[in-house]
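These figures come from a predicted structure and were not determined experimentally.
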Amino acid sequence: MDHRKKILFGVSVAAFLAPFTQTVYTPSLPEIQADFGVNSFMVNLTISLFTFILASSQFIIGPLTDTRGRKIILMAGLFLFMAGSLICLLSPNYYLFLFGRAVQAFGISTGSVVAAAVIGDIYEPRDRGGAMSIYQTMVFLGPVLGPVFGSLIAGYLYWQWSFLLLFVVAMFIFIYNRIVLYETLSKDEIPDKITPRTFKKIVMQRSSFSVMLLGFMQFYGYYIYLVFLPGLLDRLYQVPVTTKGLLFMPITAGLVIGSIGGRKLQQYVTRKMILISTSYGVGMVVLIFWICLTLDLMPIPVLVALLLAYGVMSGISLPAQTTTLINLFQKQKGTAIGAYNVLRFTGAGVGPLVGAILFDLGGDFALFLSLSALLFVAAVILQLNMYDPYDIVQRENVSA
């Protein structure tokens, strides 16, 4: 196997662990609440705190990745994550468990930043899109597969064993990356200093802002589907709990299909065209979803087709987003991806909260119509501002 592919596997699994950890124990929240004797707010805080730390720590991890190195930051992060997983596994009370979740979040926040930065280091611009497809697919599979594994563990064992699983996987990936990953940060690429002005420059640059806004909106929408789809299935079809998990699979399958198709598509079409078309496409899919709900025209085959389409569009779009950011900021790869992660993880956290308010105000009508409108706004802003300096190289390679 190409050594680059071995590295890609290691850093992609590390990136996968963050969203997987975020949701792996959600099927067991009632049991956790009962075991610790806390109210629903306190048990939900274990998820919200994890998301908040995952997002806010990017301001620290991104610059460290650019100034101290990729490997050392990832190794330290995985070690902290293993420690946090053991704390959660063995915790005798709620507050120690909450502390363990905070340690987990800070440690594994290194995964997605390091993965994207390493891909930018070891792959040439024309090859980055394909590698990013694999990395982004792993990130998106995390929140979908988390509840699946968590429910199986809770059903046959104990909910604490989810954290044993996390520890074992993290230990494997720690050893794997310790052996396979080398320090990919070139001394020539180390920026002089990372300051708040660096973040401001990255976020306020017109092209990067449009890409980050799109990432925020797509994660916002994705988590709205994850959170509100089970209730929608109850209202539409009264499906049993065992069947609900299967109806999440179209999004997962779509992400994989989109990732594979997007990798090949970047050989023939510029990233700008990919991002513009898929951003409008995602908005259109949600609009059709809303129309079908409003007109009561949502049999299960239509639902599956629309969820599949949503996944495909997202799977094609996400690798082009991170590739564009890395191309825009060659010497601040980690910092740029860190800022991007802050926004999209914030979208993941905001989605369920704002969605709950919109649902209370206007039900499915308000929830999905507003999501469609916001996605179209992000698409328009992207179309007006998006630019990738290496798209022209890509076209030359294709024409040659």
Side-chain angles (χ1 to χ4, degrees), residues 1-24 54 61 65 69-82 85 104 107-146 148-149 165-186 252-264 266-267 311 314-316 318-323 325-326 333-334 337-338 340-341:
M1 182 188 292
D2 180 357
H3 192 66
R4 291 188 306 177
K5 292 182 179 178
K6 293 180 181 179
I7 293 174
L8 177 61
F9 171 79
V11 295
S12 295
V13 175
F16 163 85
L17 274 177
F20 183 80
T21 304
Q22 193 176 24
T23 61
V24 68
L54 194 65
I61 301 302
T65 302
R70 323 300 195 199
K71 184 173 181 177
I72 188 172
I73 296 302
L74 180 61
M75 294 296 100
L78 287 171
F79 182 82
L80 278 177
F81 178 77
M82 287 189 288
S85 298
Q104 273 190 317
I108 206 56
S109 65
T110 60
S112 59
V113 177
V114 171
V118 166
I119 290 170
D121 293 338
I122 66 177
Y123 285 90
E124 295 297 320
R126 65 177 179 271
D127 299 323
R128 284 175 188 160
M132 285 293 181
S133 297
I134 296 172
Y135 151 66
Q136 289 286 14
T137 299
M138 295 297 286
V139 171
F140 251 94
L141 288 177
V144 175
L145 296 181
V148 175
F149 280 85
L165 171 66
L166 294 174
F167 174 81
V168 171
V169 173
M171 183 171 62
F172 164 77
I173 207 62
F174 179 91
I175 296 171
Y176 182 92
N177 280 298
R178 181 73 179 82
I179 297 171
V180 173
L181 180 63
Y182 62 89
E183 182 49 66
T184 63
L185 177 63
S186 169
T252 306
L255 288 167
V256 175
I257 294 169
S259 175
I260 296 172
R263 180 171 51 189
K264 296 180 179 179
Q266 289 192 44
Q267 299 174 9
S314 299
I316 294 173
L318 281 165
Q321 293 174 31
T322 46
T323 303
L325 289 173
I326 284 177
K333 296 184 185 79
I337 296 300
Y340 171 71
N341 284 340

Give the C-alpha distance, both sets of side-chain angles, the deciding distance and a yes or no for side-chain contact (heavy atoms from CB on, under 4.5 Å) between F20 and V169. CA-CA 11 Å; F20 183 80; V169 173; over 6 Å; no
Closest non-hydrogen atom pair, [X] against [Y]:
| X | Y | answer |
| --- | --- | --- |
| S112 | A15 | CA-CB, 3.9 Å |
| R4 | I122 | CD-O, 3.4 Å |
| P319 | G315 | CD-O, 3.2 Å |
| S12 | I134 | OG-CG2, 4.2 Å |
| A116 | I326 | O-CD1, 2.9 Å |
| I337 | V113 | CG2-CA, 4.0 Å |

With side chains defined as the heavy atoms from C-beta onward, is the minimum distance between [X] and [Y] less than 4.5 Å?
| X | Y | result |
| --- | --- | --- |
| Q321 | L325 | no |
| V180 | F9 | no |
| F172 | V13 | no |

Between [atom1] of [X] and [atom2] of [Y], what distance do you get to the nearest 0.5 Å?
| X | Y | atom1 | atom2 | value |
| --- | --- | --- | --- | --- |
| I119 | R70 | CD1 | CZ | 11.5 Å |
| E183 | D121 | CD | CG | 8.0 Å |
| L185 | T65 | CG | OG1 | 9.0 Å |

side-chain contact (heavy atoms from CB on, under 4.5 Å) between Y135 and L318: does it pass, once the steps are laid out? CA-CA 10 Å; Y135 151 66; L318 281 165; over 6 Å; no
Side-chain donor or acceptor of Y176 paired with backbone N/O of K6 under 3.5 Å: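 Present.
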Would you confirm whether T110, through its side chain, and G107, through its main-chain N or O, come within 3.5 Å as a donor-acceptor pair?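 Such a contact is found between T110 side chain and G107 backbone.
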When the side chains of residues 71-82 are checked against the rest of the protein, which donor-acceptor pairs come out under 3.5 Å, sequence neighbours left out?
unit_1: K71; atom_1: NZ; unit_2: R178; atom_2: O; d: 3.0
unit_1: K71; atom_1: NZ; unit_2: L181; atom_2: O; d: 2.7

